[in-house]
Amino acid sequence: MSHRRRIWPGSPYPLGATWDGNGVNFALFSAHAQAVELCLFDASGRETERVALPEYTDEVWHGYLPEARPGLLYGYRVHGPYDPAAGHRFNPAKLLLDPYAKALSGPLLWSDTHFGFRLGNPRGDLVIDKRDNARFMPKARVVDTAFTWGDDRPPNRPWVETVIYELHVRGFTMQHPEVPTALRGTFLGLSQPAVIDHVVKLGITAVELLPVHAIVDERHLVDQGLRNYWGYNPIGFFAADPRYYGASSHGDFKTMVGRLHAAGIEVILDVVYNHTAEGNHLGPTLSYKGIDNASYYRLVPGDVRHYENYSGCGNTLQLSHPRVLQMVMDSLRYWVEEMHVDGFRFDLAASLAREKSGFDGGSGFLDAMRQDPVLSRVKLIAEPWDIGGDGYRLGSFPPGWSEWNGRYRDSVRRYWRGDGGLIGDLASRLTGSSDLFGWGGRRPWASLNFVTCHDGFTLADLVSFERKRNEANGEGNRDGADDNHSWNCGIEGPTDQPKVRALRAQQGRNLLATLLLSQGVPMILAGDEFGRSQGGNNNAYCQDNPTGWVDWSQPDLALMAFVRTLIRLRHRHPVFSRPRFFQGRRRPGHALKDITWVTPDGLEMDAADWAMPYAHSLGCILAGDSDEIQSHAAGGGADDTFMLLMNAYTEIIFYTLPPAQLARTWELVLDTARPGLATGAETCAAGTRFPVKPHSLALLRRRERPSDQPGESA
């Protein structure tokens with residue numbers, strides 16, 4: 001091994017490995033290190049050189065290698081005290097990944113040598129392990145970020161037009177018949193015309209990709225022949241995981257983004273900045289622990305050997321530290337400016353906003369995001385909770401953020417399951433949850449509505465299982481949520497009984513129609529539009545196999561057509577995606593309030609109606625001629641007026657349609673009790689009684705002028 005390579009002082013900025021056309025600058029933050037060695041490797045993974053970084057400026061170690069080129073493989077060895085009781089875990093025997101690495105080469109191969117302490121020692125992590133782990137470690141790779149973007153521009157879809165589709169890059173493409181075998185599971189696979197065409201035809205405006213950052217498969221999963229399929233176990237925040245590149249190049253992600261943008265589709269990344277793959281005090285030393293454990297992680301006050309664990313994964317990144325906050329902000333800007341993504345969904349976002357006293361709406365992270373000239377302009381979505389005692393913070397994020405609305409999911413599921421006493425809460429969820437978000441000038445789009453997501457049952461399983469089936473995960477079926485607010489419609493699991501199958505299909509239509517007709521931003525789980533099942537597994541995080549993949553072989557084409565019609569209806573009628581919350585007021589000279597809640601008798605609901613503990617039906621009229629719709633509709637004109645009727649009861653409920661002074665007739669737009677689409681099928685006279693069948697939703701449109709003809713396209 002040579003130690004004679006010439007290295008120049010270089011610069012402490014930017015952090016990471018940066019090629020400038022002549023050489024590569026290396027810069028690594030560590031406040032407590034005593035020395036840092038840059039280790040270079042050949043293509044086989046053999047360490048060829050070890051060079052000490054010569055300069056230390058503002059807590060950054062740095063040096064410049066002239067004539068170094070993109071493709072160079074490297075890692076770090078960081079010297080300092082190994083003293084877990086004082087919060088320090090330096091161990092130069094361990095090769096460490098650069099936190100700013102933009103590409104990785106090779107997989108992590110599990111070995112006892114990855115642990116900074118001697119496994120099996122009765123003193124636990126207090127005894128250092130001096131064995132070298134380099135041959136089992138992935139290596140960072142210097143990259144050339146140049147890429148010809150052409151005329152790529154962000155679609156910049158307004159929130160009120162946004163419909164999100166949550167998908168997994170690998171799972172969405174692994175079984176797609178029109179994706180070439182070599183590209184399945186990769187960014188290039190997702191960029192294939194047939195894949196994008198499916199998304200476009202649905203009416204989707206944004207794809208939300210499950211984590212694509214570089215991850216580590218947990219050792220206990222690898223030992224069982226499994227892997228971390230979802231990707232919520234990050235080891236780097238600038239590099240995409242190599243598994244999504246296949247045999248191709250660093251530009252594949254950019255190619256994918258460019259093709260999605262060309263189709264009008266935004267790209268949102270699910271990002272995990274709350275923890276890393278290094279686990280708790282008994283976890284491996286792969287990067288941050290060995291670089292500067294006391295800076296990167298939240299340590300228990302008074303017991304800094306141990307980690308604060310708000311993620312449930314063993315550790316929590318310390319975003320209150322300026323350099324850790326800088327790393328997160330640098331990473332986010334990199335993905336926007338260099339990779340052209342359009343927004344982020346932040347996993348366990350409450351942990352990112354924790355200061356010493358707990359969650360803080362004015363935390364350094366939230367303040368930094370709010371003032372950042374780049375990041376404040378993209379779509380920001382919070383999963384507004386973590387596992388801490390004060391970690392459920394739904395509605396607490398600042399203006400400018402949208403939040404995953406877990407109350408929406410639970411209320412809608414419970415209502416259609418048949419639970420009583422929910423109509424008041426359901427009404428709030430349908431109208432954008434102003435009780436949660438109606439402050440600080442926030443809009444209905446602050447509520448990101450969903451009925452299913454990657455975490456939990458698929459839609460098909462939600463109406464087919466009441467108990468999870470997670471045995472394949474190897475945890476004795478203990479993992480995953482036990483109460484899913486699901487209903488199997490009478491029989492657990494698969495069945496050939498026609499009545500049960502018909503009811504399940506109807507319940508699926510109810511849930512999708514509710515989601516897509518609610519105020520706020522709807523999110524659909526990929527595959528739900530054509531009946532994808534995971535066989536009752538509600539925690540398929542480790543199922544990188546047909547259980548977790550989307551099955552394209554037998555799609556429910558009728559359900560897919562239903563979803564397309566719903567999304568088209570939403571896009572064409574701004575009454576379903578208002579820019580502001582309902583006020584319950586009439587526009588001067590008009591007979592209707594912006595929203596009117598009605599009883600089955602056709603009367604406006606009063607306090608007694610809202611208080612009925614066993615009510616299972618809910619009806620409302622959405623006025624298309626309110627001030628808000630006037631300003632939002634294309635050309636400034638009024639939208640149509642609709643009547644939405646929902647019945648989760650076991651018997652028909654008749655709703656009296658409004659009297660003739662409000663409408664001459666009402667056209668049935670859709671009825672979830674009918675397998676086909678109802679658009680233009682029939683009209684109903686004002687004042688007549690309309691039957692809302694058991695477990696069904698109906699949508700009617702007002703026809704008040706003689707020139708209006710039934711059957712106009714929704």
Side-chain angles (χ1 to χ4, degrees), residues 107-108 110 166-175 185 208-236 240-244 269-280 283-284 309-316 345-349 351 383 385-387 404 406 409 450 452-462 465 467-484 486 523 525-528 532-551:
L108 181 138
W110 275 107
E166 188 194 36
L167 64 85
H168 190 286
V169 170
R170 182 170 168 82
F172 196 63
T173 60
M174 280 300 293
Q175 299 186 104
E208 182 176 305
L209 308 182
L210 265 68
V212 299
H213 286 166
I215 68 162
V216 169
D217 294 315
E218 293 92 327
R219 191 175 195 177
H220 75 273
L221 292 179
V222 174
D223 289 345
Q224 298 177 75
L226 301 170
R227 68 192 307 184
N228 190 310
Y229 167 59
W230 283 351
Y232 291 91
N233 200 40
I235 196 58
D241 196 276
R243 72 189 71 183
Y244 300 123
L269 299 186
D270 191 337
V271 288
V272 187
Y273 295 109
N274 54 78
H275 77 283
T276 79
E278 292 185 303
N280 62 14
N309 180 19
Y310 296 110
S311 66
C313 299
N315 63 59
T316 305
R345 179 265 188 189
F346 293 84
D347 180 65
L348 300 182
S351 66
E383 184 184 37
W385 49 77
D386 62 22
I387 69 165
W404 269 30
R409 173 199 59 206
F450 64 105
T452 56
C453 65
H454 68 277
D455 188 2
F457 283 142
T458 66
L459 183 70
D461 291 349
L462 187 66
F465 293 90
R467 297 183 300 278
K468 63 190 180 185
R469 298 288 189 274
N470 296 357
E471 289 82 4
N473 296 352
E475 299 179 40
N477 206 35
R478 294 183 299 274
D479 62 305
D482 292 314
D483 186 3
N484 298 278
S486 59
M523 184 183 76
L525 175 64
D528 275 357
R532 172 179 171 256
S533 171
Q534 292 181 166
N537 191 320
N538 75 347
N539 188 35
Y541 79 101
C542 57
Q543 297 299 319
D544 188 8
N545 53 51
T547 295
W549 301 340
V550 173
D551 182 0

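Contact record, I215 with G231: CG2-O, 3.3 Å, taken as the closest heavy-atom pair. Of all the heavy atoms in R532 and A460, the pair that sits closest is O-CB, 3.4 Å. Nearest heavy atom pair, residue K468 against residue N477, reads CE-O, 2.9 Å. Contact record, N309 with I387: O-CD1, 3.5 Å, taken as the closest heavy-atom pair. For R345 against W404, the heavy-atom pair with the smallest separation is NH2-CZ3, 3.3 Å. When every heavy atom of N228 is checked against every heavy atom of L221, the shortest pair comes out as N-CD1, 3.8 Å.
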Item to check | R243 and D217: CA distance, side-chain angles, deciding distance, salt bridge (charged side-chain N to carboxylate O under 4.0 Å, His left out) verdict | outcome: CA-CA 12 Å; R243 72 189 71 183; D217 294 315; 3.3 Å; yes
Next on the checklist: Using the rule given for side chain to side chain contact (heavy atoms under 4.5 Å, CB included), can you reason through E278 versus I235, listing the C-alpha separation, both sets of side-chain angles and the distance that settles it, and then say yes or no?
Outcome noted: CA-CA 8 Å; E278 292 185 303; I235 196 58; 4.2 Å; yes
Next on the checklist: Applying side chain to side chain contact (heavy atoms under 4.5 Å, CB included) to Q175 and V550, what does each step give before you reach the verdict?
Outcome noted: CA-CA 7 Å; Q175 299 186 104; V550 173; 5.9 Å; no
Checklist entry - Given the rule in the side chain to side chain contact (heavy atoms under 4.5 Å, CB included) test, do D347 and N274 qualify, once you have shown the distances and angles that lead to the verdict? => result CA-CA 7 Å; D347 180 65; N274 54 78; 2.9 Å; yes
Next on the checklist: What verdict does the side-chain hydrogen bond (donor to acceptor under 3.5 Å, both in side chains) test give for D461 and N538, after you've listed the backbone C-alpha separation in whole Å, the side-chain angles of each residue and the deciding distance to 0.1 Å?
Outcome noted: CA-CA 9 Å; D461 291 349; N538 75 347; over 6 Å; no
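Rounding to the nearest 0.5 angstrom, the gap separating the CG atom in D482 from the CG atom in N470 is 9.0 Å. We find the NE2-CH2 distance between H220 and W110 to be 10.5 Å, quoted to the nearest 0.5 Å. Interatomic distance, H275 NE2 to N280 CG, rounded to the nearest 0.5 Å: 11.5 Å. Annotation: the span from L525 atom CG to D455 atom CG amounts to 10.5 Å, rounded to 0.5 Å. Taken from CD in Q534 to CG in N539, the straight-line distance is 9.5 Å, to the nearest 0.5 Å. To the nearest 0.5 Å, the span separating CG on L167 from CD on E208 amounts to 9.0 Å.
When each of Y229, Y541, Y232 is checked for a side chain to side chain donor-acceptor pair (under 3.5 Å) with H454, only Y232 meets the rule.
Every salt bridge (charged side-chain N to carboxylate O under 4.0 Å, His left out) that R170 has, sequence neighbours left out, goes to D544.
Using a distance-only test at 3.5 Å, with no hydrogens or angles considered, a donor-acceptor pair links the side chain of Q543 to the main chain of A472.
Inspection of the T452 and D528 side chains reveals an N or O donor paired with an N or O acceptor under 3.5 Å.
Using cut-offs of 30° and 60° on the angle between ring planes, the pair H168 and Y244 is perpendicular.
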